[in-house]
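Working notes, structure below.
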Amino acid sequence: RLFGVPALPVVPYPPFIAPVPLPVKYRLYFGEPMTFTGDPDDDDEILDDKVKTVRNRIQSMIHVGLREREHVFW
């Protein structure tokens, strides 16, 4: 008979870790506006060059943000 035995809660994390999120500071970086000419229905080879340009710009902004970051939480 287990009716009088209290149940212990099952938690998915160890009891020494608080279940609240840790504070973080984040920064948003906005690059210069990018404009492209041409038709959206152009061939894939032409569009791939534009996609690579956008991808490289985003990647460079990520690298700048990582260099400027001092610590993970601030």
Side-chain angles (χ1 to χ4, degrees):
R1 298 182 66 175
L2 298 173
F3 296 117
V5 177
L8 296 175
V10 178
V11 293
Y13 50 85
F16 54 85
I17 297 177
V20 295
L22 296 173
V24 294
K25 180 188 279 189
Y26 56 90
R27 295 178 177 97
L28 298 177
Y29 292 92
F30 294 94
E32 294 294 321
M34 299 177 71
T35 57
F36 297 99
T37 59
D39 188 23
D41 295 329
D42 282 341
D43 292 332
D44 287 342
E45 296 83 25
I46 297 171
L47 293 178
D48 284 340
D49 292 336
K50 296 174 184 178
V51 169
K52 287 178 186 177
T53 303
V54 172
R55 187 177 294 146
N56 290 337
R57 179 78 59 94
I58 292 171
Q59 189 65 44
S60 67
M61 290 173 53
I62 290 172
H63 287 301
V64 167
L66 287 173
R67 277 195 307 266
E68 291 179 1
R69 184 172 70 180
E70 297 173 7
H71 193 271
V72 176
F73 295 114
W74 56 81

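All of these numbers come straight from a predicted model, not from anything done at the bench.
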Name the atoms and distances for all side-chain donor-acceptor pairs under 3.5 Å in residues 35-47, with sequence neighbours left out.
residue, atom, partner, partner atom, Å
Asp42, OD2, Asp39, N, 3.2

Are Lys50 and Met34 side-chain neighbours, meaning at least one heavy-atom pair lies under 4.5 Å?
no
d(Glu32 CD, Met61 CE) to nearest 0.5 Å is 9.5 Å
The side chain to side chain contact (heavy atoms under 4.5 Å, CB included) partner of Val54 among Asn56, Ile58, Val51 is Ile58
